[in-house]
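These values consider heavy atoms only, across backbone and side chains, with no hydrogens, waters or symmetry-generated copies. Labels below follow one simple rule: chain letters A, B, ... track the order of the sequence lines, proteins then strands, and each chain is numbered from 1.
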Protein chains: 2
Amino acid sequence: MGLSYAEENYLKAILKLSGSPDGTVSTNAIAAQLDTSAASVTDMLKKLSDKELITYQRYKGASLSEEGQRVATSLLRKHRLWEVFLVQSLGMTWDEVHEIAEELEHIQSDRLIERLDNFLGHPKFDPHGDPIPNKQGRYTLRAQIPLSTLVSGQSGMIIGVKEDDSPFLKHLNDKGLSIGKIVRVLTIDEYDHGLLLRMEGDDVVLSGQVADHILVKPVA
Amino acid sequence: MGLSYAEENYLKAILKLSGSPDGTVSTNAIAAQLDTSAASVTDMLKKLSDKELITYQRYKGASLSEEGQRVATSLLRKHRLWEVFLVQSLGMTWDEVHEIAEELEHIQSDRLIERLDNFLGHPKFDPHGDPIPNKQGRYTLRAQIPLSTLVSGQSGMIIGVKEDDSPFLKHLNDKGLSIGKIVRVLTIDEYDHGLLLRMEGDDVVLSGQVADHILVKPVA
DNA sequence: AATATTTTTTAGATTAATCTAAATTGAGCT
DNA sequence: AGCTCAATTTAGATTAATCTAAAAAATATT
Ligand SMILES: [Mn+2]
Ligand SMILES: [Mn+2]
Ligand SMILES: [Mn+2]
Ligand SMILES: [Mn+2]
């Protein structure tokens, strides 16, 4: 009946990598995303294809079927709702919740998820600023651009991150950066694109690569 | 490092069946508890023994080691805390949470569980009246008392029987009584201690001797 | 177009968890 | 002590998920 954790993780990886809903994803990309071997990915793609959760032809990559999309989006919904719970209700930090949600997302119970959603007040975004799909799988993308694209003098509110691995988020914590904070770009280094920011009266120095993984919404 | 879900479920089953902390448990008892084959149990007992989580000698049953006890009790703690969350916070019913907690108990994060415990207000019992072990694994045995000791007006949930011979159980079936049912004592006969119960809207008459062999846990 | 490189698949193993059927062991009963 | 039978273990398979190494296909480079 249900899918294994492994199958679910593959579907989620394909959704994440396919950007556009029906984008095609390569074997190696999935292998990298899931830190597994390409051979294992090929095996799993065959199985998911047999179950009609993906479209797959050898050497030509995979893409989610209608049903696969539905499942993957539901996993995203569960993952992000649990993250909200962990941060909002239990007071955990945004850098420690992803790993736990990676397990919680596999818990099987529609009733549970709908009640959790209700308990949390139907949140629209997770602690990393990612949108939470509704029951029908729909979610609003929001105008978010990398901090690195702001020009000198411009301000932006931090609304998300492109990466949610622990070390990266811990680094942001160390710098005092978090969702909702407003930063103004003071200077941008011509050579390495490093930034000098002003945030809540303090100066913050940030490398270009880090700034590229922080998503902001420009503010007046 | 960590144990598999299967290994954890076996440890929990052994704890449940061993009543007294270091009681010995038979292969068949575990097989029945986990609804699996005796052959599978033997395989797993060998593995758990190799990992020194249990003491096991062929044909002689198994008992938890110090470490096995620690792990099993921690699983019980997690299972029951999650059940409290599902009922208390999400408003689910006590009959639908066990299955979900059976999955949630395997989530690996000490920090998560300590925060959940704190969020719930350090509950001492789960929705079924079972005691929740504390961080050190200690817990108070649950109050299970004969139905005959309830006073008029008091309610209790049926959690077991003192006798399990066929005629007695058939009698309970005839009365509609079964594990999990909640009964309220309406009247107690002064002379022969017979009871008039209210259960799910129906009146049930019970003799004093029968009531003495039914174990209940008082409920609010 | 031919060759080199990268990507992907296949072949062949391994580990974990399970099963059924057959063999073994131990416990209770003459 | 020997027999019988239930409990338990072993033998031999199966399914899922994974791996490494080798082969094949697609892509890129001369
Ligand atoms: Mn996952
Ligand atoms: Mn997230
Ligand atoms: Mn379980
Ligand atoms: Mn319970």
Protein-nucleotide distance ([X], atom [atom1]; [N], atom [atom2]), rounded to Å:
X     : N      : atom1 : atom2 : answer
A:E8  : D:dA16 : CD    : C1'   : 15 Å
A:K60 : D:dT27 : NZ    : P     : 8 Å
B:D43 : C:dT15 : CG    : C1'   : 13 Å
A:Q57 : C:dT10 : CD    : C1'   : 18 Å
B:M44 : D:dT9  : CE    : C1'   : 16 Å
B:L45 : C:dA16 : CG    : C1'   : 15 Å
B:I30 : D:dT9  : CD1   : P     : 9 Å
B:L17 : D:dA7  : CG    : C1'   : 16 Å

Contact class for [X] vs. all strands (heavy atom < 4.0 Å): base, sugar-phosphate, or nothing?
X     : answer
B:Y10 : sugar-phosphate
B:T27 : sugar-phosphate
B:Y5  : nothing

Using a strict threshold of under 4.0 Å (side-chain N to carboxylate O), is an ion pair present between B:R80 and B:E105?
no
May I ask you to say whether A:K135 pairs ionically with A:D117, meaning some side-chain N is under 4.0 Å from a carboxylate O?
no
Could you check whether any side-chain heavy atom of A:L64 comes within less than 4.5 Å of a side-chain heavy atom of A:V25, counting everything from C-beta outward?
no
Does a side-chain heavy-atom distance below 4.5 Å link B:K12 with B:E102?
yes
Check every atom of [options] against the side chain of [X] and return the nucleotide holding the closest atom.
X     : options               : result
A:S26 : C:dT18, D:dT9, C:dT8  : C:dT8
A:N28 : C:dA11, C:dC19, C:dT7 : C:dT7
B:A6  : C:dT8, C:dT20, C:dT18 : C:dT18
B:T36 : C:dT9, C:dT18, D:dT10 : C:dT18

Between the base of C:dT7 and the side chain of A:Y59, is one N or O donor paired with an acceptor at under 3.5 angstrom?
no
Would you indicate, yes or no, if [N] has its OP1 or OP2 atom less than 4.0 angstrom from a side-chain nitrogen or oxygen of [X]?
X     : N      : value
B:R58 : C:dG26 : no
B:K46 : D:dT10 : yes
A:T42 : C:dT9  : yes

Please step through side chain to side chain donor-acceptor pair (under 3.5 Å) for the pair B:Q209 and B:H213, ending with a clear verdict.
CA-CA 7 Å; B:Q209 299 100 292; B:H213 289 106; over 6 Å; no
